[in-house]
Engineer: 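Dumping the structure here so I can ask a few things about it.
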Amino acid sequence: MTLYDKLWEQHRVMELEDGATLLYIDRHLVHEVTSPQAFEGLRLAGRKIWRAGRILAVEDHIVPTTADREMHDPAAIEQIQALRDNCAQADIALYRLGDARQGIVHVTGPEQGACLPGMSIVCGDSHTSTNGALGALAFGIGTSEVECVLATQCLPMHKAQNMRVQVEGNFGPGVGAKDLALALIGRMGTAGGTGHVIEYAGSAVRGLDMEGRMTLCNMSIESGARAGMVAVDDVTVDYVRGRPLAPTGAAWEAAVDAWRQLVPDPGAHFAREFCMDARTLAPQLTWGTNPEMVVSIHDRVPDPAELPQGPQRTHMQHALEYMGLAPGTPMQELRPDKVFIGSCTNARIADLRAAAQVVQGRRVAANIRQAMVVPGSVPVRLQAEQEGLAQLFVDAGFEWREPGCSMCLGMNPDRLQPGERCASTSNRNFEGRQGRGGRTHLLSPAMAAAAAVAGHFVDVREFL
Amino acid sequence: MPASAVTRFSACVAPLDRPNVDTDAIVPKQYLKSIRRTGFGAVLFDEWRYLDAGEPGDDHGKRRQNPDFVLNQSRYRNARILLTRENFGCGSSREHAVWALQEYGFRAVVAPSFADIFATNADNNGLLLIRLEVAVVESLFAGVQAQQGYSLTVDVSQQRLVDPAGHEHSFALDAVVRRRLLHGLDRIGEILRHREVIRAYEQRRSVQVPWLFPDAT
């Protein structure tokens, strides 16, 4: 059996008459944006929350990241209030603004031990796949499904196909999980993983720390995969040990014994296999309007004329037009207006360390209008301040912000203006994602930091 | 929420000739601050449909429409079927995308493929997704271009799409989705009929793997 097979079997409650499997959900993460209609649906149907203790709510998507944390947008205030009311009425744990545990839901869940190896984890958020790094089955759901999980703690599902992504070799310096994730999506395509659950394996994946594994699993959805996961090993166990909600004492020993089984059996069958070599991987960045439109830093903006006449060529032309790019331009000549280091993809302590290493002793270039670092959670922020990273960023000219989703999706005041080009460590470069007319280039935290100090995209390896 | 039953209908088709249409494009972020399921039809494809920027609470009827966008062209004004390319609905899990398509008036979306979360959301709301071979979709695009008022007939019970020339294309439908479209469905209510099975599972797991259930506090 694959790891996904094992997790699926463990969470199977029953087979429904209509052919779907009823799957039990161990942890339900909730945030303000995709939950209000689900709670309302429950009320309208006169139904109760099945088990409030399995739910953890956080405020992250629309919260301000400025120091005063003051909300001015009436719609945002109403939405936050709805979450607070819904959680209070149902006795659901909520990490509000001001709570020492508040952060981006997929940073906070693993950080607090609310998400553990072996769990089934859902959230009304596509990047729930992040949590698969723990050796868990974690996937995003819609609001109707949020309502279903609130009411039953279960979801009717059809099993996805197994896919293994095998990555061997050691990454070169300055290259890591984000470059791998982007390169994979570039090769698989944005729909390459549709209908599949990806298990990431191989020596390169084993060599990643938990933060790197979370980055990799986070981006699974950008290849269309339902979930991504990594088998449990010492790295997993060491990460979970001592987390506030992790088991302790004898329960810890029993848990670790069980978690050690969360690996694929030898000879497990995967419907699809995909192999990559980490050794030859260069830093990656996107040029277009979806995450498969990606190149290496030494490449040029692609030329639609090299594609045959047809929808793909038209699509590339659309993307170049939106991005304001001329075919053949070296990627290193592009100059961002803003730099955003943050999001559930890349706002953990290891991400900030990697960026700070590049920034140390340097200044944000004069052409950069705004460079901001938005830590993924309050604990990440505090740790970065203790380690002196925050000061490095501030000294270099970065804004040091409070935790939240921020400019990844621009639901709070952190947005791009029309035409602005952004070096962003987030996960989506869709049209308008970071603000109407905004032009997003996805890259790693180290590459974003290098772009900030150089004033143009550049190979971070020149700064190490 | 059970959807109203659908069996057979004919409707005009609007062609959205782009692959990988993401849910950010279907409903931009600023409108997701709503706590309601309604009000998204007017902002469907907002950044393509309007030339000016929109915010929640705006009178969208007064905004400047983009005359080049397909839904703003008079021949597609009454379209109730959206024809598009592969991987429609990729990206964010926002169910608002489905609510927006339905409130605008779309009853079905025809494409070679859909993203997984979007497809589940559509199924749960009774928005019919019709998956057809790339070549068939290509022929429908050609038909829409060639003929003003091009319409398709959808027969859910027969799982069949009929074009104006009388060509029939069968499509697959999941049994649950079909039942929901034809009869309406309260899936949560059905699951709750098995509450004792769920409780027994919880009981079993709490003995087997007690460490897996830390109550969030």
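In this text, all values refer to a predicted model and were calculated from it rather than measured experimentally. Only this structure's heavy atoms are used, side chains among them; waters, hydrogens and symmetry mates stay out.
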Engineer: Is A:Y95 close to chain B through its backbone or its side chain, or both, or neither, when contacts mean heavy atoms under 4.5 Å?
Structural biologist: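 When you check distances to chain B, only side chain atoms of A:Y95 fall under 4.5 Å.
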
Engineer: Could you tell me whether B:R179 and A:E17 make a salt bridge, using a distance below 4.0 angstrom between a side-chain N and a carboxylate O?
Structural biologist: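 No.
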
Engineer: Kindly compute the distance separating SG (A:C148) from CG (B:N124), expressed to the nearest 0.5 Å.
Structural biologist: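 The SG atom of A:C148 sits 8.0 Å away from the CG atom of B:N124.
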
Engineer: Checking heavy atoms, do the side chain of B:D123, its backbone, both or neither come under 4.5 Å from chain A?
Structural biologist: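 For B:D123, no heavy atom lies under 4.5 Å from chain A.
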
Engineer: With a 4.5 angstrom heavy-atom cut-off, is it the side chain or the backbone of B:P56 that approaches chain A, or both, or neither?
Structural biologist: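 For B:P56, no heavy atom lies under 4.5 Å from chain A.
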
Engineer: Indicate yes or no: does A:D18 engage B:R187 in a salt bridge with an N to O separation below 4.0 Å.
Structural biologist: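 Looking at A:D18 and B:R187, the cut-off is met.
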
Engineer: What is the distance from atom NE2 of A:H315 to atom CZ of B:R18, rounded to the nearest 0.5 Å?
Structural biologist: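 Answer rounded to 0.5 Å: 7.5 Å.
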
Engineer: Can you tell which part of B:A25 gets under 4.5 Å to a heavy atom of chain A, answering side chain, backbone, both or neither?
Structural biologist: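 Neither part; nothing is under 4.5 Å.
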
Engineer: Sort A:W252 into side chain, backbone, both or neither according to what part of it lies under 4.5 angstrom from a heavy atom of chain B.
Structural biologist: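 It is neither, since no heavy atom gets under 4.5 Å.
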
Engineer: Report the distance from atom CD1 of A:I141 to atom CG of B:N121, rounding to the nearest 0.5 Å.
Structural biologist: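 Here the interatomic distance stands at 9.0 Å.
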
Engineer: Begin with the C-alpha distance, continue with both residues' side-chain angles, and end with the deciding distance and a verdict on side chain to side chain contact (heavy atoms under 4.5 Å, CB included) for B:L192 and A:R47.
Structural biologist: CA-CA 10 Å; B:L192 285 173; A:R47 290 181 176 133; 3.7 Å; yes

Engineer: With a 4.5 angstrom heavy-atom cut-off, which part of A:P117 approaches chain B: side chain, backbone, both or neither?
Structural biologist: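 Interface part for A:P117: backbone (N, CA, C, O).
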
Engineer: Which region of A:M14, side chain (C-beta onward) or backbone (N, CA, C, O), has a non-hydrogen atom less than 4.5 Å from a non-hydrogen atom of chain B, or is it both or neither?
Structural biologist: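 Side chain only.
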
Engineer: For residues B:L212 and A:M119, report the shortest heavy-atom separation together with the two atoms involved.
Structural biologist: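 Minimum heavy-atom contact is O-CE, 3.2 Å.
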
Engineer: Which atoms of A:L22 are under 4.5 Å from chain B, going by heavy atoms: the side chain, the backbone, both sets, or neither?
Structural biologist: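 Side chain only.
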
Engineer: Charged N to carboxylate O below 4.0 Å: is that the case for B:K33 and A:E78?
Structural biologist: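 Here B:K33 does not pair with A:E78 in a salt bridge, since their nearest N and O are not under 4.0 Å apart.
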
Engineer: What is the distance from atom CG of A:N290 to atom SG of B:C90, rounded to the nearest 0.5 Å?
Structural biologist: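 Result: 6.5 Å between the selected atoms.
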
Engineer: Where does A:H158 contact chain B at under 4.5 Å (heavy atoms): side chain, backbone, both or neither?
Structural biologist: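 When you check distances to chain B, only side chain atoms of A:H158 fall under 4.5 Å.
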
Engineer: Can you tell which part of A:H127 gets under 4.5 Å to a heavy atom of chain B, answering side chain, backbone, both or neither?
Structural biologist: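 A:H127 has no heavy atom closer than 4.5 Å to chain B.
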
Engineer: Please lay out, stage by stage, how A:S144 and B:R37 fare under the test side chain to side chain contact (heavy atoms under 4.5 Å, CB included).
Structural biologist: CA-CA 11 Å; A:S144 294; B:R37 279 174 181 260; 4.2 Å; yes

Engineer: Would you check if the side chain of B:Q30 reaches a backbone N or O of A:M411 as a donor-acceptor pair within less than 3.5 Å?
Structural biologist: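 No; judged by distance alone, with no hydrogens or angles, the pair does not exist.
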
Engineer: Tell me yes or no: between the side chains of A:T190 and B:N20, is some donor less than 3.5 Å from an acceptor?
Structural biologist: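 Yes - a donor-acceptor pair under 3.5 Å links their side chains.
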
Engineer: Which heavy atom in B:E47 sits nearest to a heavy atom in A:G437, and how many Å separate them?
Structural biologist: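 Taking B:E47 first and A:G437 second, the nearest heavy atoms are OE1-N, 4.4 Å.
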
Engineer: Determine the minimum heavy-atom distance between A:S126 and B:S92, stating which atoms define it.
Structural biologist: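 Taking every non-hydrogen atom into account, OG-CA, 3.8 Å.
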
Engineer: Given a strict heavy-atom distance threshold of 4.5 Å, which part of A:L16 is in contact with chain B: side chain, backbone, both, or neither?
Structural biologist: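 Side chain of A:L16 only, per the 4.5 Å heavy-atom cut-off to chain B.
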
Engineer: Could you verify whether a donor N or O on one side chain and an acceptor N or O on the other, from A:Q37 and B:W99, lie under 3.5 Å apart?
Structural biologist: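 The answer is no; no qualifying pair exists.
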
Engineer: Which one wins on heavy-atom pair count under 4.5 Å against chain A: B:E190, B:R204, B:H96, B:R205?
Structural biologist: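 Maximum pair count with chain A is reached by B:R205.
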
Engineer: With a 4.5 angstrom heavy-atom cut-off, is it the side chain or the backbone of A:A255 that approaches chain B, or both, or neither?
Structural biologist: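 For A:A255, heavy atoms of backbone and side chain both lie under 4.5 Å from chain B.
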
Engineer: Would you mind checking which part of A:Q312 comes under 4.5 Å of any heavy atom in chain B, side chain (CB onward), backbone (N, CA, C, O), both or neither?
Structural biologist: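 The answer is the side chain of A:Q312.
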
Engineer: Determine the minimum heavy-atom distance between B:Y201 and A:V13, stating which atoms define it.
Structural biologist: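 Nearest heavy atoms, B:Y201 then A:V13: CG-CG2, 3.9 Å.
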
Engineer: Examine distances only and state if a side-chain atom of B:K29 and a backbone atom of A:G432 form a donor-acceptor pair shorter than 3.5 Å.
Structural biologist: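 A pair under 3.5 Å: yes.
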
Engineer: Which atoms of A:N427 come close to chain B, meaning under 4.5 Å heavy atom to heavy atom: side chain ones, backbone ones, both, or neither?
Structural biologist: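 The answer is neither part of A:N427.
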
Engineer: Can you give each donor-acceptor pair under 3.5 Å made by side-chain atoms of residues 109-120 of chain B, sequence neighbours left out, with the distance rounded to 0.1 Å?
Structural biologist:
| from | atom 1 | to | atom 2 | distance (Å) |
| --- | --- | --- | --- | --- |
| B:S113 | OG | B:N87 | N | 2.9 |
| B:D116 | OD2 | A:G195 | N | 2.8 |
| B:T120 | OG1 | B:D116 | O | 3.1 |

Engineer: Grab the two heavy atoms, one from A:L116 and one from B:W211, that are nearest each other, plus how far apart they are.
Structural biologist: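 For A:L116 and B:W211, the tightest heavy-atom pair comes out as CD1-O, 3.8 Å.
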
Engineer: State whether B:D46 and A:R436 are salt-bridged, where the test is any N-O pair (Lys NZ or Arg NE/NH1/NH2 against Asp/Glu carboxylate O) under 4.0 Å.
Structural biologist: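 Counted as a salt bridge, because a side-chain N and a carboxylate O are separated by less than 4.0 Å.
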
Engineer: If I measure from the heavy atoms of chain B, does A:R433 come under 4.5 Å with its side chain, its backbone, both, or neither?
Structural biologist: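 Its backbone and side chain both get close to chain B.
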
Engineer: Strictly less than 4.5 Å between heavy atoms, which residues of residues 129-141 of chain B line up against chain A? Please order them by number.
Structural biologist: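 Interface residues of residues 129-141 of chain B: none, nothing closer than 4.5 Å to chain A.
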
Engineer: Can you give me the closest heavy-atom contact between B:I188 and A:A151, atom names plus distance?
Structural biologist: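 Closest heavy-atom pair between B:I188 and A:A151: CG2-CB, 3.7 Å.
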
Engineer: For A:A160, is it the side chain, the backbone, both or neither that has a heavy atom under 4.5 Å from a heavy atom of chain B?
Structural biologist: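 Neither; nothing under 4.5 Å.
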
Engineer: Counting only heavy atoms closer than 4.5 Å, note whether A:R51 contacts chain B via side chain, backbone, both or neither.
Structural biologist: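 When you check distances to chain B, only side chain atoms of A:R51 fall under 4.5 Å.
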
Engineer: Please look at B:V209 and chain A and tell me whether the side chain, the backbone, both or neither of the residue comes under 4.5 angstrom of a heavy atom of that chain.
Structural biologist: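 Neither part.
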
Engineer: Using the test salt bridge (charged side-chain N to carboxylate O under 4.0 Å, His left out), find all partners of B:R199 that sit at least two apart in sequence or belong to another chain.
Structural biologist: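 Checked B:R199 against salt bridge (charged side-chain N to carboxylate O under 4.0 Å, His left out); matches are B:E196.
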
Engineer: To the closest 0.5 Å, what do you measure between CG (B:D17) and OG1 (A:T314)?
Structural biologist: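 If we round to the nearest 0.5 Å, B:D17:CG and A:T314:OG1 are 7.0 Å apart.
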
Engineer: Is B:E202 close to chain A through its backbone or its side chain, or both, or neither, when contacts mean heavy atoms under 4.5 Å?
Structural biologist: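 For B:E202, side-chain heavy atoms alone lie under 4.5 Å from chain A.
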
Engineer: Can you list the residues that meet the salt bridge (charged side-chain N to carboxylate O under 4.0 Å, His left out) rule with B:R94, with sequence neighbours excluded?
Structural biologist: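 For B:R94 the salt bridge (charged side-chain N to carboxylate O under 4.0 Å, His left out) partners, ignoring immediate neighbours, are B:D24.
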
Engineer: Let's test your reading of the structure: which of B:Q208, B:R195, B:E86 forms the most heavy-atom pairs below 4.5 Å with chain A?
Structural biologist: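 Greatest number of close heavy-atom pairs with chain A: B:R195.
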
Engineer: Have a look at B:I35 and tell me which of A:E40, A:Q81, A:Q79 forms a side-chain contact (heavy atoms from CB on, under 4.5 Å) with it.
Structural biologist: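 Between B:I35 and the candidates, side-chain contact (heavy atoms from CB on, under 4.5 Å) is satisfied uniquely by A:Q79.
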
